[in-house]
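Presented below is the structure to which this report refers.
Counting starts at 1 for both ligands and their atoms, in listed order.
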Amino acid sequence: MTALLEVEDLRVAYGKIEAVKGISFTVEQGEVTTLIGTNGAGKTTTLRALSGLLRPTAGKILFEGSAIDTVPAHKIVALGLAHSPEGRHIFPRMTIEENLLLGAFLRRDQAGIAQDVERACTLFPILAERRKQAAGTLSGGEQQMLAMGRALMSRPKLLMLDEPSMGLSPLMMQKIMATIVELRASGTTILLVEQNAQAALSLSERAYVMTTGEITLSGTGAELLRDDTVRRAYLGED
Ligand SMILES: Nc1ncnc2c1ncn2[C@@H]1O[C@H](COP(=O)(O)OP(=O)(O)O)[C@@H](O)[C@H]1O
Ligand SMILES: [Mg+2]
């Protein structure tokens with residue numbers, strides 16, 4: 001069976017500076033795949049290339065076996081690949097409900113959209129309680145839930161989450177991680193970028209370590225948790 005997402009020798013540059021230097025990895029259907037790596041390693045750049053926000057300079061991106069590296073971003077969403085960006089990018093003056101509806105901007109099936117708003121509200125009850133309030137009134141963790149809820153509104157086959165636990169309290173982080181497990185159980189495949197390597201690797205089937213634009217290590221989440229280099233560099237052990 002082919003992987004849901006296959007990335008082959010992907011290169012992405014900002015002008016003359018190459019941020020992603022020929023990486024290859026796969027995301028298998030039904031799994032959580034994690035990219036870890038220090039700041040500036042190229043993780044966000046990779047996700048932005050996968051969702052069509054940046055054009056790769058070389059390499060292949062295959063989603064369900066078809067090349068998407070020249071497909072415009074909105075069509076990539078329509079194909080089933082959604083991106084919850086680093087820093088969340090919610091619209092603070094719009095209500096929570098309006099923010100969720102933005103995630104369904106390509107859809108016309110009103111009944112299905114309404115169903116999915118309810119689903120996001122069930123997944124994150126705080127969104128239901130605050131539905132008509134401005135999104136800017138939510139705490140950081142709640143805004144992260146909104147960003148995830150919004151990404152889910154396109155009914156993605158693959159959900160990409162860029163540092164969902166950034167800046168959150170340990171309790172909020174646990175909630176986000178538990179939601180990732182719940183989403184996988186309900187059939188959503190996930191590509192996760194995380195600084196919190198311990199939490200991310202613990203729930204990942206597959207994981208890759210990125211270092212200055214390259215993939216330097218890969219394995220199952222459990223293998224990387226046991227790896228000496230990972231333990232020293234990402235888990236704060238000597
Ligand atoms: N808009 C940009 N213009 C120029 N360089 C950028 C831009 N965004 C990121 N970079 C550079 O690309 C590299 C990778 O950044 P990024 O993908 O954000 O890393 P990560 O998400 O792993 O922290 C870094 O060296 C960063 O400074
Ligand atoms: Mg980043």
Side-chain angles (χ1 to χ4, degrees), residues 5-27 32-61 63 68-69 72-73 76-77 81-90 140-141 143-148 150-151 156 158-169 172-173 176-177 179-180 190-204 206-219 221 224-225 227 229-236:
L5 180 78
E6 283 178 77
V7 176
E8 273 176 50
D9 201 25
L10 180 74
R11 290 175 183 272
V12 192
Y14 297 101
K16 286 187 179 151
I17 298 167
E18 194 166 57
V20 174
K21 303 170 184 169
I23 62 168
S24 300
F25 65 96
T26 55
V27 175
V32 174
T33 300
T34 292
L35 295 180
I36 58 171
T38 47
N39 255 332
K43 306 180 298 298
T44 295
T45 303
T46 300
L47 295 195
R48 290 177 64 81
L50 297 179
S51 58
L53 299 171
L54 290 171
R55 285 284 162 236
T57 48
K60 269 202 203 125
I61 305 170
F63 186 62
I68 57 165
D69 41 274
I76 291 179
V77 175
L81 202 164
H83 185 178
S84 177
E86 182 176 307
R88 298 152 202 154
H89 296 275
I90 58 132
Q143 289 187 15
Q144 183 56 53
M145 292 173 176
L146 178 56
M148 286 172 72
R150 182 182 56 191
L158 174 60
L159 174 64
M160 302 197 295
L161 301 169
D162 197 347
E163 308 231 12
S165 79
M166 199 201 293
L168 303 191
S169 67
M172 210 36 125
M173 192 201 73
I176 298 288
M177 294 297 164
T179 307
I180 291 172
I190 292 166
L191 176 57
L192 175 64
V193 164
E194 259 300 327
Q195 293 275 338
N196 190 317
Q198 175 79 46
L201 293 177
S202 308
L203 58 77
S204 299
R206 208 170 296 264
Y208 297 86
V209 176
M210 267 188 95
T211 316
T212 55
E214 293 178 277
I215 286 177
T216 48
L217 201 60
S218 66
L224 293 201
L225 271 176
D227 183 272
T229 323
V230 171
R231 297 183 78 83
R232 273 194 301 271
Y234 302 102
L235 305 177

Using every non-hydrogen atom in the two residues, find where [X] and [Y] come nearest and quote the distance to one decimal.
X	Y	value
L203	I180	CD1-CG2, 4.0 Å
K21	R11	C-NH1, 3.9 Å
E194	P164	OE2-CD, 3.2 Å
T229	D227	N-OD1, 2.9 Å
I61	D69	N-OD1, 3.2 Å
I23	E214	CG2-CA, 3.9 Å

State whether the side chain of R150 and the backbone N or O of R88 hold a donor-acceptor pair below 3.5 Å, judged by distance alone.
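Indeed, once roles are kept as given, a pair shorter than 3.5 Å links the two residues.
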
State whether the side chain of K43 and the backbone N or O of L192 hold a donor-acceptor pair below 3.5 Å, judged by distance alone.
no

Nearest protein heavy-atom contact for [atom]: which residue, which atom, what distance?
atom	value
atom 18 (O) of ligand 1	T44 CB, 3.7 Å
atom 22 (O) of ligand 1	K43 NZ, 2.7 Å
atom 19 (O) of ligand 1	G42 N, 3.1 Å
atom 14 (C) of ligand 1	G40 O, 3.4 Å
atom 9 (C) of ligand 1	Y14 CE1, 3.5 Å

For the Mg ion (ligand 2), which protein N/O/S atoms fall under 2.8 Å? Skip waters.
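Within the sphere that stays under 2.8 Å of the Mg ion (ligand 2), the protein atoms of type N, O or S are T44 OG1, E86 OE1.
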
Please round to the nearest 0.5 Å and tell me the distance separating atom CD of E163 and atom CG of L35.
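CG of L35 is found 10.5 Å from CD of E163.
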
As an exercise, state the distance from OH of Y208 to OG of S24, rounded to the nearest 0.5 Å.
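Between Y208 OH and S24 OG, I get 9.0 Å after rounding to 0.5 Å.
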
Heavy atom under 4.0 Å from ligand 1: found in T38's side chain, backbone, both, or neither?
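Just the backbone.
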
With atoms numbered from 1 as shown, which atoms in ligand 1 lie under 4.0 angstrom from a non-hydrogen atom of T45?
14 (C), 15 (O), 16 (P), 17 (O)

Return yes when G37 approaches ligand 1 closer than 4.0 angstrom through a heavy atom, no otherwise.
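Distance cut 4.0 Å: G37 fails for ligand 1.
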
Please state whether N39 comes within less than 4.0 angstrom of ligand 1, counting heavy atoms only.
yes

Checking side-chain contact (heavy atoms from CB on, under 4.5 Å) for the pair L225/S202: CA distance, chi angles, key distance, verdict?
CA-CA 7 Å; L225 271 176; S202 308; 3.8 Å; yes

Considering both backbone and side-chain atoms of A41, is one of its nitrogen or oxygen atoms within less than 3.5 Å of a nitrogen or oxygen in ligand 1?
yes

